[in-house]
*Asks:* 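The following block contains the structure, expressed as structure tokens.
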Amino acid sequence: MSVSANLAAIKQNIIEACERTQRNPADIRIIAVTKYVSIERAKEAYMAGITDFGENRDEGFLRKYEALGNEPTWHFIGTLQSRKVKNVIDKIDYLHSLDRLSLAEEIQKRATKPVKCFVQVNVSGEESKHGLPPQEVIPFIEKLKEFPNIIVVGLMTMAPFTDNEQEIRSCFRGLKKLQEEIQALHIPYAPCTELSMGMSNDYIIAIEEGATFIRLGTSLVGKE
């Protein structure tokens with residue numbers, strides 16, 4: 001299917017999820033995750049009106065960035081190795097995977113302007129997933145006071161890949177609760193107003209539980 005047709009279906013799902021939870025669909029930002037598709041398909045997504053693009057490897061990001069330029073809003077959503085920071089940090093608008101001080105130090109050193117970051121949280125506790133355990137997030141954010149090039153705009157997580165809706169919902173609710181705790185601290189460099197959660201298989205649940213950024217690959221641009 002065309003990206004336009006996929007996008008129309010997704011937007012309808014967003015409207016319905018927001019109606020169920022008294023939310024405003026305008027508060028949901030769709031990130032097209034283009035790591036598994038060609039530059040041509042990414043361009044089709046841009047022409048369809050998508051303005052937010054996400055990549056999870058520096059090589060793929062740089063290829064897409066070269067093709068589409070800096071008009072889109074760029075999100076780096078994968079694990080970013082410290083040695084690769086210099087390649088991407090001044091080209092991206094959001095980093096969704098801040099989870100260690102060594103990465104914060106490298107961003108501070110390499111960025112020429114403040115970077116909007118999501119702290120990645122491993123809410124589910126799965127060993128296969130990156131991110132901080134929930135109980136370590138607030139102490140970690142407090143340490144980021146030393147890094148003026150980092151603005152913590154929100155939290156990011158990935159739910160377990162399962163058909164158990166309650167398990168998925170519990171994961172997203174855990175992130176929302178943690179976000180509210182951080183917001184209540186009124187930390188100037190960590191407003192933490194955003195939640196990056198929900199992918200093609202679970203974005204509707206994520207919206208119902210408070211997501212503001214959803215990261216969509218196969219349901220939006222497909223897989224080539």
Side-chain angles (χ1 to χ4, degrees), residues 1-37 41-42 44-56 72-75 77-78 93-94 96-97 116 118-124 126 129 131 134 152-184 191-223:
M1 286 180 70
S2 70
V3 177
S4 293
N6 291 339
L7 182 60
I10 288 163
K11 283 184 173 178
Q12 184 58 38
N13 288 338
I14 291 171
I15 289 168
E16 291 170 5
C18 287
E19 284 175 350
R20 288 192 293 273
T21 50
Q22 282 96 47
R23 296 191 65 196
N24 184 350
D27 293 337
I28 315 298
R29 287 178 69 171
I30 299 168
I31 302 169
V33 179
T34 52
K35 63 180 178 177
Y36 290 126
V37 299
R41 187 70 163 173
E44 181 189 341
Y46 185 65
M47 295 304 292
I50 294 167
T51 57
D52 291 79
F53 287 81
E55 284 283 331
N56 74 332
T73 298
W74 288 103
H75 303 255
I77 59 175
D93 299 284
Y94 291 88
H96 289 244
S97 52
K116 289 176 271 196
F118 290 84
V119 172
Q120 185 168 353
V121 187
N122 186 352
V123 181
S124 67
E126 293 173 278
K129 286 187 166 58
V152 179
V153 296
L155 305 177
M156 182 274 248
T157 200
M158 287 183 281
F161 195 79
T162 174
D163 292 329
N164 186 329
E165 183 180 318
Q166 285 311 117
E167 199 176 333
I168 296 168
R169 206 172 283 281
S170 175
C171 179
F172 292 150
R173 280 180 183 164
L175 196 71
K176 178 64 178 176
K177 181 174 180 290
L178 183 56
Q179 179 214 16
E180 290 170 344
E181 289 174 15
I182 296 163
Q183 279 188 290
C192 209
T193 54
E194 310 297 338
L195 284 177
S196 171
M197 59 189 197
M199 299 189 291
S200 288
N201 59 308
D202 57 19
Y203 72 91
I204 294 172
I205 300 170
I207 291 167
E208 291 172 347
E209 298 299 340
T212 58
F213 287 71
I214 54 175
R215 311 178 303 270
L216 305 183
T218 51
S219 65
L220 179 56
V221 294
K223 190 172 181 178

*Asks:* Indicate the atoms forming the closest heavy-atom contact of Val221 with Ala45, along with that distance.
*Replies:*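 Closest heavy-atom pair between Val221 and Ala45: CG1-CB, 4.0 Å.
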*Asks:* Any chance you could measure Asn56, atom CG, to His96, atom NE2, to the nearest 0.5 Å?
*Replies:*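 Rounded to the nearest 0.5 Å, the CG-NE2 separation comes to 12.0 Å.
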*Asks:* Do Thr162 and Ile168 make a side-chain contact, defined as non-hydrogen atoms from C-beta onward lying under 4.5 Å apart?
*Replies:*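 They are in side-chain contact.
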*Asks:* Can you name the nearest heavy-atom pair linking Cys171 to Ala159, along with the distance?
*Replies:*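 Taking every non-hydrogen atom into account, SG-CA, 3.8 Å.
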*Asks:* With sequence neighbours excluded, tell me which residues meet salt bridge (Lys or Arg N to Asp or Glu O under 4.0 Å) with Arg169.
*Replies:*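 By the salt bridge (Lys or Arg N to Asp or Glu O under 4.0 Å) rule, Arg169 matches Glu165, Glu208, Glu209.
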*Asks:* In chain order, what residues pass the salt bridge (Lys or Arg N to Asp or Glu O under 4.0 Å) check against Glu194, with sequence neighbours excluded?
*Replies:* none
*Asks:* Give the minimum heavy-atom separation between Cys18 and Ile207, together with the two atoms involved.
*Replies:* SG-CG2, 4.0 Å
*Asks:* From Asn6 CG over to Ser219 OG, what is the distance, rounded to the nearest 0.5 angstrom?
*Replies:*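 OG of Ser219 is found 7.0 Å from CG of Asn6.
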*Asks:* Partners of Phe53 by ring-ring contact (aromatic ring centres under 6.0 Å, His included), sequence neighbours excluded?
*Replies:* Trp74
*Asks:* Using a 6.0 Å cut-off, check whether atom CG of Asn164 has over 12 heavy atoms from anything other than its own residue.
*Replies:*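 Enclosed.
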*Asks:* Please round to the nearest 0.5 Å and tell me the distance separating atom CG of Asp202 and atom CG of Asp163.
*Replies:*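 Between atom CG of Asp202 and atom CG of Asp163 there are 11.0 Å.
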*Asks:* Identify every side-chain donor-acceptor pair in residues 28-36 under 3.5 Å, counting partners at least two apart or on other chains, and give the distances.
*Replies:*
{"from": "Arg29", "atom 1": "NH1", "to": "Tyr94", "atom 2": "OH", "distance (Å)": "3.2"}
{"from": "Arg29", "atom 1": "NH2", "to": "Asp52", "atom 2": "OD2", "distance (Å)": "2.7"}
{"from": "Thr34", "atom 1": "OG1", "to": "Glu55", "atom 2": "OE2", "distance (Å)": "2.6"}

*Asks:* Would you check if the side chain of Ser97 reaches a backbone N or O of Gln120 as a donor-acceptor pair within less than 3.5 Å?
*Replies:*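 Not a single qualifying donor-acceptor pair exists.
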*Asks:* Restricting to non-hydrogen atoms, name the atom on Ala48 and the atom on Leu7 that form the minimum distance, rounded to 0.1 Å.
*Replies:*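 Ala48 and Leu7 have their closest heavy atoms at O-CD2, 3.7 Å.
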*Asks:* Side-chain atoms of residues 174-182: list all donor-acceptor pairs with protein atoms under 3.5 Å, sequence neighbours left out, distances to 0.1 Å.
*Replies:*
{"from": "Lys176", "atom 1": "NZ", "to": "Gln179", "atom 2": "OE1", "distance (Å)": "3.1"}
{"from": "Lys177", "atom 1": "NZ", "to": "Glu181", "atom 2": "OE2", "distance (Å)": "2.9"}
{"from": "Gln179", "atom 1": "NE2", "to": "Cys192", "atom 2": "O", "distance (Å)": "3.1"}
{"from": "Gln179", "atom 1": "NE2", "to": "Thr193", "atom 2": "O", "distance (Å)": "3.1"}

*Asks:* Do Arg215 and Met158 come close enough that some side-chain heavy atom pair is under 4.5 Å?
*Replies:*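 Yes - at least one pair of side-chain heavy atoms lies under 4.5 Å apart.
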*Asks:* What is the distance from atom NZ of Lys116 to atom NE2 of His75, rounded to the nearest 0.5 Å?
*Replies:* 8.5 Å
*Asks:* Identify the heavy atoms of Ile50 and Leu220 that sit nearest to each other, and give their distance.
*Replies:*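 Looking at all heavy atoms of both residues, the shortest contact is CD1-CD2, 3.6 Å.
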*Asks:* Grab the two heavy atoms, one from Gly210 and one from Leu195, that are nearest each other, plus how far apart they are.
*Replies:* O-CD1, 3.6 Å
*Asks:* How far does CD1 of Ile214 sit from CD1 of Ile10, to the nearest 0.5 angstrom?
*Replies:* 7.0 Å
*Asks:* Report the residues that fulfil side chain to side chain contact (heavy atoms under 4.5 Å, CB included) with Asn24, sequence neighbours left out, ordered by chain and then residue number.
*Replies:*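 Scan of Asn24 (side chain to side chain contact (heavy atoms under 4.5 Å, CB included), adjacent residues dropped) gives Ala26, Asp27.
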*Asks:* Looking at CZ of Phe161 and CE of Met199, how far apart are the two atoms once the value is rounded to the nearest 0.5 Å?
*Replies:* 8.0 Å
